[in-house]
Amino acid sequence: MLCFDIRSLEARAEVVDGWLDAGDSVWEAGESRPVDPGVHVTGRLSAAGHGRFYFSGHFEGTALAECRRCLAEASVSVSDDVQLIFAESGVDEAGEDDVVVIPAGVRELDLRPAMREEWLLAVPSFALCRDDCRGLCPACGADRNAGDCTCPPPSDPRWDALRGLR
């Protein structure tokens, strides 16, 4: 459960222990989604003044990405600690960059959009299928992890003048 009644939050802090499912409607097309079951979110959500709430927690999950060397599918573990301030629109701090704005008058505080953003920031841009990935041959495109190709090793043309002196 990642949605909380704002009236109950004003009275007492809530323990957060829920999942942001991979098939949730908060994800947009083309984004780096987590694999099933999704992103596990834990932490504490409490009031931080009138119209303001503070979340301190942690999330973890697994994302699928392309290996930067061989373009094979790679599984990447993603986790991060998160501290967020939620403020109703109209509150002084609501315009700041590090504050998540929630519409005034809503009855529920939904953590899902903020967790989605934090997830997207935490997913690594470059992944490896394994540490010793040999990548693709630059000449023929063969996967060097499957075996060596028959292409000659690439040479740097900047050294041609020195090779001619042999």
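Since we're looking at a predicted model, the values are computed, not measured.
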Using distance alone, with no hydrogens and no angle criterion, decide if R69 and N145 have a side-chain donor and acceptor under 3.5 Å apart. no

Checking E14 against R12 for the salt bridge (charged side-chain N to carboxylate O under 4.0 Å, His left out) test, could you report, in this order, the C-alpha distance in whole Å, the side-chain angles of both residues, the deciding distance, and whether it holds? CA-CA 7 Å; E14 292 280 345; R12 70 184 189 308; 3.3 Å; yes

Check the orientation of H40 and W19. Use parallel for under 30°, tilted for 30 to 60°, and perpendicular for over 60°. parallel

ILVMFWY cluster, L128 and V76 together (side-chain gap under 4.5 Å): no

Inter-residue atom distance I102.CD1 - E108.CD, 0.5 Å rounding: 11.5 Å

Applying a strict under-4.5 Å side-chain criterion to I, L, V, M, F, W and Y, I'd like to know whether F4 and V106 cluster together. yes

Interatomic distance, CG@D80 vs CE@M115, rounded to 0.5 Å, equals 9.5 Å

Under 3.5 Å, is there a donor-acceptor pair between the side chain of D21 and the main chain of G23? no

Of all the heavy-atom pairs spanning A122 and F59, show the shortest one and how long it is. CB-CZ, 3.7 Å

Would you say W27 and L20 make side-chain contact, with heavy atoms under 4.5 Å? yes

Is C137 close to D148 at the side-chain level, that is, under 4.5 Å between some pair of heavy atoms? no

From S56 atom OG to D81 atom CG, the distance as rounded to the nearest 0.5 Å: 7.5 Å

Residue pair F86 / R52, side-chain heavy-atom distance below 4.5 Å: no

Residue pair R44 / V15, side-chain heavy-atom distance below 4.5 Å: no

Whether the side chain of E117 engages the backbone of A114 through a donor-acceptor N/O pair (distance < 3.5 Å, no angle test) should be reported. no

Kindly determine whether R112 and S25 satisfy side chain to side chain contact (heavy atoms under 4.5 Å, CB included), including the steps that lead there. CA-CA 10 Å; R112 295 175 314 137; S25 62; 4.2 Å; yes

Minimum heavy-atom distance between L136 and D143, given as atom pair plus value: CD2-CA, 3.8 Å

Locate the shortest heavy-atom distance separating D36 from A22; write the atom from each residue and the value. OD1-CB, 3.5 Å

Pairwise side-chain contact, L45 with L9, heavy-atom cut-off 4.5 Å (strictly under): yes

Any side-chain heavy-atom pair of R134 and C70 under 4.5 Å: no

Would F55 and L111 satisfy side chain to side chain contact (heavy atoms under 4.5 Å, CB included), going step by step from the backbone distance to the final call? CA-CA 9 Å; F55 172 73; L111 295 179; 4.2 Å; yes

Heavy-atom distance under 4.5 Å between the side chains of V41 and V39, does that happen here? yes

May I ask you to decide if G61's main-chain N or O and W119's side chain share a donor-acceptor pair within less than 3.5 Å? no

For residues E73 and C129, determine if any side-chain heavy atom of one lies less than 4.5 Å from a side-chain heavy atom of the other. no

Going through the distances and angles, do E31 and V123 end up as a side chain to side chain contact (heavy atoms under 4.5 Å, CB included)? CA-CA 10 Å; E31 290 181 335; V123 172; over 6 Å; no

Contact summary for H58 and E60, nearest pair of heavy atoms: NE2-OE1, 3.5 Å

Atom CG of L121 and atom CZ of R116: how far apart are they, to the nearest 0.5 Å? 9.5 Å

Just wondering, are more than 12 heavy atoms of other shown residues or ligands nearer than 6.0 Å to CZ in R107? no

